[in-house]
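Report on one structure; see the data block that follows.
When reading the values below, keep in mind they use all heavy atoms of this one structure, side chains included, and skip hydrogens, waters and symmetry mates.
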Amino acid sequence: MHRLQLPAAHSKLAPAFQDLVAAERWLAAQAANQPWPLLSALTGQIEAIDAAALPPPLSLQLLDRLRSAALPVQASQEARYNRKALPLTADEQQVFAMAQRLWRQLGIAYLRLAPHFAGAEKCRPLHRAANAIRLAQFTCYQASQACPPELDHLLLAILAQAESAGVLRQALGDPDYPHLGEANIAGLLSWAILLRLADPYHFSSAQLAVANRALSRWRELCTFQSAPDSDRKTLTIPLAPLFGGPLPAGLPGWLNVRSVDRKIRSRIESLRAGEAPEALKLGRELSAAACIRLLSDIDHHLRTPAPAPSQASGEIELAFGAEDAYAIFTGEELNPGSGMNARSTSIAHQRMALFGFDSLSQMPTAVQRIDVPSETWARTDGQVTRLETNGPRLQAPCLIATLQGDQPRLGVLSRLLATADGQLHARLDWYPEQIEACTLKMVATSPPGQPRHAAFVLRSGSDLSLLVPVTAGVRLDIGVALECASVVHLVPREVIERGADFVRYACRPA
């Protein structure tokens, strides 16, 4: 569709009700449905109202009522697709697709109504449309699915109509979102843009929740401008690259985020001074140190334009998980014959028996003593793409290793997302530190056959960190004994990175 043109309204259904009283009866009849059929029925009625020739004020009332009914049901289903391993299962994909379709269709229906209202009355449908399209995008971030460009076009259409009608900054309450207070359309659009600028796909579930909450509180500190400020202290971001090209004439083309940047830095200072995240309205999901890292990361993304693609291309062999990374570095199998490795030969045979395929190749180690299960990914434009469409499910961020020439490298596969055609794309971040592969020392009371845990000591000058699997049971301020490492005892003092299958601790020598 053209960036300011809405898709045609169509529905195979007629509205099941023609007024609010009938709508209440219909909703009461749907109450016994399971969540997914209920969301499907609600979406069908949203589409039916959008396509019907009802009086615009009545359509607006009916859409509001359907939205109120959908919100708690949708919230109850988020856990079924939020930061799950990719590719999503058929059930997870179905729930995500329904949630995304509901918000998209609701946003389009509101947006189509707006021209039927005059002056300040346009604010309410455009306000509702902005919130719905923002949620459609947020659902994609939660499910690690690429956002359709159409959602950007819809945000642009909302911006165009609100600016033309003079209601972009008109405050309006929303009974379904009382915590937002008297919000305006500019703030809702800024919220969506800020979260996108922060690169939400590389966040964990907890980080995404905290970032979304913080940016929701600071959304109205942003201002849309027709030109960037000449003051070098002002931080203005061009909107044209975000929306895929030059903006239509008359639209503000810049977003001033200087006040948000100040707020972020103020929160970081307060956290360093000992304030609790909850006291700063950041929630309970992350520790103070984790909030500092998250806010610093958001600040970096707001201040630093996205890097240009590297244009490097080729293929790379990736081994996944701590055990296979250990084998890449040492040329030795950590737990020979244990069958504990999810990518081991026994599991490969199980995959073949169940699914009829096993996509894993074998990577010889630097010392050519064993073969390590690996996958071949394509490298293009600074990103990697999985070549196999039937590979095991992955959850990011996860630990990876490879051989570059004869040199082993340890890193993290992050920003994993699935495109509409089912391809998996990700980013590789390699640790620059000096790395030693070792193991956690077994205690005398360990039961026979207890698997050993791989560990990696990362050294940068005098700074030491320890990376271990999440199953290793390492605790803060409790000493860890290591085998086959230049340091035999470390004391973890802070979690500095947490992935789906690993934890990295800042440490001091015991």
pair Cys507-Pro492: side-chain heavy atoms closer than 4.5 Å: yes

Side chain to side chain, Tyr201 and Cys140, heavy atoms closer than 4.5 Å: yes

Separation between CD1 of Ile237 and CZ of Arg258, rounded to the nearest 0.5 Å: 12.0 Å

side-chain contact (heavy atoms from CB on, under 4.5 Å) between Cys222 and Leu194, intermediate numbers included: CA-CA 9 Å; Cys222 299; Leu194 286 169; 3.6 Å; yes

Distance-minimising heavy-atom pair for Leu440 and Ala472: CD1-CB, 3.6 Å

Inter-residue atom distance Leu282.CG - Ile292.CD1, 0.5 Å rounding: 10.5 Å

Closest heavy-atom pair and its distance - Trp218, Ile264: CZ3-CG1, 3.4 Å

Set of salt bridge (charged side-chain N to carboxylate O under 4.0 Å, His left out) partners for Arg452, sequence neighbours left out: none

Non-hydrogen side-chain atoms of Thr223 and Gln225 separated by less than 4.5 Å: yes

Steps toward salt bridge (Lys or Arg N to Asp or Glu O under 4.0 Å) verdict (Asp299, Arg265): CA-CA 8 Å; Asp299 181 65; Arg265 289 169 177 264; 3.3 Å; yes

Under-4.0 Å salt bridge between Arg415 and Asp429: no

Gln207 side-chain N/O to Ser204 backbone N/O, donor-acceptor pair under 3.5 Å: yes

Heavy-atom check, side chain of Tyr326 versus side chain of Glu332, under 4.5 Å: yes

Side-chain donor/acceptor of Tyr81 to backbone N/O of Ala97, under 3.5 Å: no

For Phe502 against Leu399, the heavy-atom pair lying closest together: CD2-N, 3.9 Å

Under the salt bridge (charged side-chain N to carboxylate O under 4.0 Å, His left out) test, residues paired with Arg219 that sit two or more places apart: none

Residue pair Arg80 / Gln77, side-chain donor-acceptor N/O under 3.5 Å: yes

Residues Arg83, Glu78: salt bridge by 4.0 Å N-O rule: no

Validation row: Leu242, Leu255 side chains within 4.5 angstrom (heavy atoms): no

Pair Thr419-Asp421, side-chain donor/acceptor within less than 3.5 Å: yes

Under 3.5 Å donor-acceptor, Ser190 side chain and Ala186 backbone: yes

Side chains of Gln137 and Asp152, donor plus acceptor under 3.5 Å: yes

Atom pair NE2/CG of His425 and Leu86 - distance to nearest 0.5 Å: 11.5 Å

Stepwise side-chain contact (heavy atoms from CB on, under 4.5 Å) check, Leu458 with Leu466: CA-CA 6 Å; Leu458 285 69; Leu466 180 68; over 6 Å; no

Flag side-chain contact, heavy atom, 4.5 Å: Thr236 against Val257: no

Straight-line distance of Glu220 CD to Ser259 OG, nearest 0.5 Å: 12.5 Å

Parallel, tilted or perpendicular: ring planes of Phe456 versus Phe329, cut at 30 and 60 degrees: perpendicular

Within 6.0 angstrom of Arg498 CZ, more than 12 heavy atoms from elsewhere: no

Salt-bridge criterion met for Arg284 and Glu278 (N-O under 4.0 Å): yes

Leu410 side chain near Trp430 side chain, heavy-atom distance below 4.5 Å: no

Reported CD-to-CG distance for the pair Gln145 and Leu417, which is rounded to 0.5 angstrom: 8.0 Å

side-chain contact (heavy atoms from CB on, under 4.5 Å) between Ser226 and Trp254, worked out: CA-CA 6 Å; Ser226 58; Trp254 299 79; over 6 Å; no

Check against side chain to side chain donor-acceptor pair (under 3.5 Å), Gln100 and Thr139: CA-CA 6 Å; Gln100 205 264 355; Thr139 300; over 6 Å; no

Carboxylate-amine/guanidinium contact Glu497 Arg293, below 4.0 Å: no

Pro252 to Leu247 - nearest heavy-atom pair and separation: O-CD1, 3.6 Å

Carboxylate-amine/guanidinium contact Arg267 Glu275, below 4.0 Å: no

Least distance between heavy atoms, Arg393 atom then Pro87 atom: NE-O, 2.9 Å

Charged N-O contact under 4.0 Å between Arg379 and Glu315: no

Taking every non-hydrogen atom, the tightest pair across Glu92 and Leu88: OE1-CA, 3.5 Å

Inter-residue atom distance Ile108.CD1 - Trp103.CH2, 0.5 Å rounding: 14.0 Å

From CA spacing to verdict: side chain to side chain donor-acceptor pair (under 3.5 Å), Glu317, Ser374: CA-CA 6 Å; Glu317 292 287 324; Ser374 64; 2.7 Å; yes

No-hydrogen, no-angle side-chain donor-acceptor test under 3.5 Å, Glu433 and Ser460: no

Beyond-backbone contact of Val457 with Leu482, side-chain heavy atoms, under 4.5 angstrom: yes

side-chain contact (heavy atoms from CB on, under 4.5 Å) between Leu197 and Ile193, worked out: CA-CA 6 Å; Leu197 289 170; Ile193 293 170; 3.9 Å; yes

SB check Asp199 Arg427 (cutoff 4.0 Å): yes

Presence of salt bridge, Asp261 and Arg303, under 4.0 angstrom: yes

